[in-house]
Amino acid sequence: MSADFQVPVLDPGGQAPPHTLFLFGATGDLARRKLLPALYSLFLDRRLPDAFAIIGVARTNLNDDRFRDQVCDAIRTFGRHPAARDDTLAAFLRRIRYAPVDVRNPEDFSRLNDLAAALEREQDLPGNRLFYLALAPDFFAPVARQLGQSGLAKTRGWRRLVIEKPFGHDQASAAALNDALREVFEEEEIYRIDHYLGKEMVQNIEVLRFANSVFEPLWNNRAIANVQITSSETVGVENRAGYYETAGALRDMVQNHMLQMVMMVAMEPPSRLKMEAIRDEKVKVLRSLRRYTPEEAVHHVVRGQYTAGRVLGQEVAGYREEPGVPAGSITETFVAARLYIDNFRWAGVPFYLRTGKRMAAKATEIVIQFRDMPKDVYFNTEGRLGPNLLVIRVNPQEGVYIQLNAKHPGTDERIVPIAMEFSQEPDRSPEAYERLLWDAMQGDSTFFTRWDEVSLAWKFVDPVAEAFHRANMPLHLYQAGSWGPSASDRLLAEDGFRWWPVQGQENPADTPEPEHHPAHPVRAR
Ligand code: BG6
């Protein structure tokens, strides 16, 4: 069954206020792959105001035209609208300037300030300034300080600082970074990016829950048996060993993206759909999240590292053979964890998370498994009924489906699982970065991470990271192209559950035989 309707793309009309966007790290990978194409999509959707300027900032010595060539190439290679007409692209490029800046050199910042002031005068811009730091984390605090000292952040209009992850390496370093940013910017002016919060279906969790009366009565420990959140990737560490060796999957994915999804699923309905009301409810989830000691973490968290194998038909190297990774590295590329939210709604319901690199398929999915029927009237059958599942597909397919049990059509009496499904054409959705840039331009920080969220997330993660350094915490090796170490299956089996297959994992041979796999019909009396 399939519901035939479309979620509208960004609704027409509505433009961001006039402003100047300073893109620090403008020649870097994130700018090229995501940010510049996202800005161009916003331009095409007429979201950017008529009075608007982008200043690309990076260390490389380029002039405006050379930088515009790079922007053009980035749009044609990575944009959602690569085949855009030349005159439209030219109109976008005219808005773009470039400033070479060495972040250790205060004079470069003064020159940047002069350039911005001149542009604002020429184009009659009101002095609103959006600073986007797509930089290595070591530069966040020094750049913020320079923005303060050079006068760039002393502006006539509003000013906002958008900052990429990782926000610190642990709670203490995150707090130090936050203090440094707060010397120049107010909390309301700091937009901490978690790009998962810009994903269509992650945002849709809120609407699904709070706009449909069928779910709310069931959204609790009386009806839900467990929640499973998977974010699997087929890529390996790529060329990021330097960073990844200091992060691992725990800091790279769990501290931010995975916990954000937990919050979206578990939060209480906000009193108003206002940004602080929503973020207040999210943060309460983290306050109720059971914090493990390092000793306890060993029983609830599994870590793994990929060895050589085959992913999507290609032979790939093991993590320790990747460029830049030390031969004896014990950095985890996979984490599975069992979490508990000790509040009235969720007490006793395990939330299982798993994330890993070099897994069999790229998929992000949230599965809500409902409790079994109190009495199975089909008891006199071979097997049992499968549970109802609500599956939120975040990536690559976007959609929602509900798995129900139904009678097989015809004269036989088999009961079969059926899916009521809504899926959305992925290329209709704006990219996460388009939404987030647009929100930051508008001053809407709902889908950005507030400081108390970041801090509490680290307080959960720090003892787990500490456990990873203890001798009794095993590092399970898993073959590239698999679904992670079997210890992750055992984590759920301890509670009588199993991981439900995610997109790309349709073949039951990939996973251990379930106790009651939905693909195995049961016979009614
Ligand atoms: C990033 C991580 O935040 O998210 C990467 O640093 C990871 O390691 C990426 O690959 C995954 O994002 P997505 O949107 O592809 O699921």
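If you're wondering where the values come from, they're calculated on a predicted model, not measured in any experiment. Each ligand, and each atom within it, is numbered from 1 in the order the structure gives.
Protein heavy atom nearest atom 12 (O) of ligand 1, with residue, atom name and distance: His195 NE2, 3.1 Å. Summary of contacts: the protein heavy atom closest to atom 10 (O) of ligand 1 is Glu233 OE1, 2.5 Å. In this structure, atom 13 (P) of ligand 1 lies nearest to the protein heavy atom Lys362 NZ, 3.3 Å. Closest protein heavy atom to atom 6 (O) of ligand 1: Asp252 OD1, 2.6 Å.
Scanning for ring pair (Phe, Tyr, Trp, His ring centres under 6.0 Å) contacts around Phe497 gives an empty result, with sequence neighbours left out. By the ring pair (Phe, Tyr, Trp, His ring centres under 6.0 Å) test, Phe24 is found to be paired with no residue, residues two or more places apart in sequence or in another chain being considered.
In this structure, Arg303 forms a cation-pi arrangement with Phe468, its terminal cationic atom sitting closer than 6.0 Å to the ring centre and no more than 45° off the ring axis. For Lys165 and Phe167, the positive end is not near the middle of the six-membered ring at less than 6.0 Å and at most 45° from its axis. Because its NZ or CZ atom is not both nearer than 6.0 Å to the ring centre of Tyr352 and within 45° of the ring axis, Arg338 does not count as a cation-pi partner of that residue.
Contacts of Tyr196 with ligand 1, taken as heavy-atom pairs under 4.0 Å, involve the side chain alone.
For ligand 1, the polar-atom distance check against Ser231 finds no nitrogen or oxygen pair separated by under 3.5 Å.
In this structure, Gly484 and Tyr478 approach most closely via the heavy-atom pair C-CB, 3.6 Å.
Nearest to atom 14 (O) of ligand 1 by heavy atom, out of Lys165, Glu164, Lys199, is Lys199.
Contact atoms of ligand 1 toward Lys357: 5 (C), 7 (C), 8 (O), 10 (O) (distance under 4.0 Å to a heavy atom of the residue). Contact atoms of ligand 1 toward His257: 1 (C), 3 (O), 4 (O) (distance under 4.0 Å to a heavy atom of the residue).
Using cut-offs of 30° and 60° on the angle between ring planes, the pair His169 and Trp458 is tilted.
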